[in-house]
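Take a look at the structure set out below.
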Amino acid sequence: MKITGSIAEIRTIVQNARKEGKRIGFVPTMGYLHKGHLSLVEISKQHADFQVMSIFVNRIQFNDKKDFEDYPRDFERDFALAQSAGVHLMFTPDERDMYQNHLTYVEVESLSKYLCGATRPGHFRGVCTVVSKLFNIVLPDVSVFGRKDIQQALIIEKMVHDLNFPIQIITAPTIREEGGLAMSSRNKHLSHDERTRALSIHRGLLKAKSLIESGNRNTTEIKAVIQKEIEAAHPQKIDYIELVSYNSLHPIEKLDEKAILAVAAFFGNTRLIDNMLIHPCEGGFTCEL
Ligand code: AMP
């Protein structure tokens, strides 16, 4: 695996791979890799011959300075994991090269207003800006994003469509720890007790799944079942529990279309998110965690 922080070098290496007839797959990350990240590489391999990964903790998507500073980092461990997953090229850009004298930002309107966008102002603007830059540097054919961050994946899909990036976006299932906690680099910050209590998010989603699949369409009741489960585990704070339209991310009052049930809650100082897709099917809805 070649590792470089040089934009020029990335361009040359990718260009050469393309000249050899290879399709380029790209997985952007902020590092501190876990099985969720590596699963994206596995999916990328099914669609592309040459795998590029980036690790860049993108300051402009953090609305909290301390959250940025405390974000876990371990490049040596990441490089070993990425190499064993089959990454060919690792891009570790320098913040100065990315943002010196930077004045241009990318914003996907409307979709960025809801859920995490409501409680983390500027977050998706930072995400869209860095992903646009990374896309323009790497020029991949395909890029894979995790469904754990479903709002992010939908916003990137919309950005790629609206700005005519010639890139196929693939969304990959959420990889979970034993007990159901969605894997996240931030889980490192959880104490043993917080981690145990955080399992309430997954339990709440499972209870909502049973309710929905047994025919309940009442958004208030569906959200209440999750709230009860999480509150019993004494979170620091529940940021949101929302049932939103899959297409607009607008909150819905009655479940009658493809939807997302999304949760964000703090255990200790760690903000965790999770979600479930709700698909209309013959005679009702099925839920996918
Ligand atoms: P991050 O490093 O947290 O910015 O995440 C980089 C990519 O990995 C994003 O597309 C995330 O959605 C994805 N990802 C993070 N956690 C998981 C997970 N548990 N399962 C699947 N994908 C994930």
Side-chain angles (χ1 to χ4, degrees), residues 25-47 51-64 67-68 70-75 77-79 81-82 85 87 90-93 98 111 115-117 120 123-135 138 140 142-160 167-190 195 198-199 201-202 205 260 262-264 270-277 288-289:
F26 178 43
V27 175
T29 81
M30 296 204 299
Y32 209 75
L33 301 181
H34 50 69
K35 285 185 188 147
H37 296 114
L38 304 181
S39 76
L40 307 187
V41 177
E42 279 312 307
I43 291 176
S44 183
K45 283 181 187 169
Q46 295 164 18
H47 299 266
Q51 311 309 327
V52 185
M53 178 183 274
S54 62
I55 297 181
F56 182 62
V57 185
N58 179 38
R59 187 192 295 269
I60 69 163
Q61 74 185 64
F62 286 79
N63 50 323
D64 176 344
D67 187 26
F68 170 75
D70 291 349
Y71 199 83
R73 294 160 170 91
D74 187 342
F75 276 53
R77 179 176 159 277
D78 286 350
F79 294 157
L81 286 170
V87 172
M90 173 64 83
F91 182 35
T92 54
M98 291 293 272
L111 295 183
L115 305 175
C116 290
R120 300 185 69 191
H123 170 64
F124 289 115
R125 180 179 189 254
V127 169
C128 289
T129 301
V130 79
V131 171
S132 299
K133 287 172 71 72
L134 292 168
F135 280 177
V138 175
V142 39
S143 187
V144 189
F145 289 81
R147 198 194 294 144
K148 205 243 331 167
D149 303 276
I150 193 160
Q151 184 176 19
Q152 168 173 283
L154 292 171
I155 287 173
I156 297 294
E157 270 179 0
K158 184 73 177 127
M159 177 187 87
V160 160
I167 300 170
Q168 181 190 359
I169 303 297
I170 295 171
T171 307
T174 302
I175 304 298
R176 298 174 181 282
E177 293 180 8
E178 227 170 283
L181 181 66
M183 286 194 178
S184 164
S185 307
R186 286 196 165 88
N187 292 355
K188 175 185 191 282
H189 293 315
L190 295 169
R195 186 177 288 255
L199 297 178
I201 298 176
H202 183 246
L205 286 170
I260 301 165
V263 179
T270 309
R271 186 175 183 276
L272 302 173
I273 58 172
D274 205 339
N275 67 79
M276 172 167 90
L277 273 177
E288 192 184 358
L289 269 91

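In listed order, ligands and their atoms are each counted from 1. Predicted model, so just to flag it, every value in this text is computed and none were measured.
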(message) I'd like to check whether S185 has a polar contact with ligand 1, where a contact means an N/O of the residue lying under 3.5 Å from an N/O of the ligand.
(response) no
(request) Report yes if some heavy atom in the side chain of V127 is under 4.5 Å from a heavy atom in the side chain of M159; otherwise report no. (result) no
(message) Return the closest protein heavy atom for atom 20 (N) of ligand 1 as residue, atom name and distance.
(response) I175 N, 2.9 Å
(message) Restricting to non-hydrogen atoms, name the atom on R186 and the atom on R271 that form the minimum distance, rounded to 0.1 Å.
(response) CD-O, 3.8 Å
(message) Show me which atoms of ligand 1 lie under 4.0 Å from any heavy atom of P173.
(response) 20 (N), 21 (C)
(message) Looking only at distances, can you tell me whether any N or O atom of F145, backbone or side chain, sits closer than 3.5 Å to an N or O atom of ligand 1?
(response) no
(message) For a quick test of reading the model, state the closest non-hydrogen atom pair linking R120 to F62 and the distance between them.
(response) NH2-CA, 4.4 Å
(request) Would you mind reporting whether V160 and F135 have side-chain heavy atoms less than 4.5 Å apart? (result) yes
(message) Are F124 and L111 packed together at the side-chain level, in the sense that at least one heavy-atom pair is separated by less than 4.5 angstrom?
(response) no
(request) Tell me, please: is Q152 in heavy-atom contact with ligand 1, that is, under 4.0 Å? (result) yes
(request) Would you check if P173 and I43 make a side-chain contact, meaning some heavy-atom pair closer than 4.5 Å? (result) yes
(request) Take every heavy atom of Y71, measure it against each atom of ligand 1, and state whether any distance is under 4.0 Å. (result) yes
(message) Which residue and atom name correspond to the protein heavy atom nearest atom 1 (P) of ligand 1, and how close is it?
(response) H37 NE2, 3.6 Å
(request) Pick out which of Q152, E157, Q151 makes a side-chain contact (heavy atoms from CB on, under 4.5 Å) with I155. (result) Q151
(message) Within the structure provided, determine whether S39 and M183 are in side-chain contact (heavy-atom separation under 4.5 Å).
(response) no
(message) Quick check on side-chain contact (heavy atoms from CB on, under 4.5 Å): which of R73, K188, H37 does Y32 satisfy it with?
(response) K188
(request) Could you list which atoms of ligand 1 come closer than 4.0 Å to a heavy atom of L40? (result) 7 (C), 8 (O), 10 (O), 13 (C), 22 (N)
(request) Could you tell me whether some N/O pair between A172 and ligand 1 is separated by less than 3.5 angstrom? (result) no
(message) Applying side-chain hydrogen bond (donor to acceptor under 3.5 Å, both in side chains), can you list everything that pairs with K148, at least two apart in sequence or on another chain?
(response) none
(message) I'd like to check the side-chain contact (heavy atoms from CB on, under 4.5 Å) partners of I260; sequence neighbours left out, ordered by chain and number.
(response) I150, L154, V244, Y246, L249, A262, N275, L277
(message) Regarding atom 15 (C) of ligand 1: of the candidates R186, K148, R176, which has the closest heavy atom?
(response) K148
(request) Mark up the atoms of ligand 1 that fall under 4.0 Å of a heavy atom belonging to H34, in ascending order. (result) 15 (C), 16 (N), 17 (C)
(request) Check each atom of ligand 1 against the heavy atoms of G36 and keep those under 4.0 Å away; list them by number with element. (result) 18 (C), 20 (N), 21 (C), 22 (N)
(request) Select the closest option to atom 12 (O) of ligand 1 among D149, L33, T171, judged by heavy-atom distance. (result) D149
(request) Return a yes/no value for V144: is any of its N or O atoms, backbone included, closer than 3.5 angstrom to an N or O of ligand 1? (result) no
(request) Identify the protein heavy atom lying closest to atom 4 (O) of ligand 1, giving its residue, its atom name and the separation to 0.1 Å. (result) M30 CG, 3.6 Å
(message) Taking 4.0 angstrom as the limit and counting only heavy atoms of P28, give me the atoms of ligand 1 inside it, by number and element.
(response) 6 (C), 7 (C)
(request) Distance to 0.1 Å, residue and atom name: give those for the protein heavy atom nearest to atom 22 (N) of ligand 1. (result) G146 CA, 3.5 Å
(message) For ligand 1 and M183, I'd like to know whether there is a polar contact (N/O to N/O, distance under 3.5 Å).
(response) yes
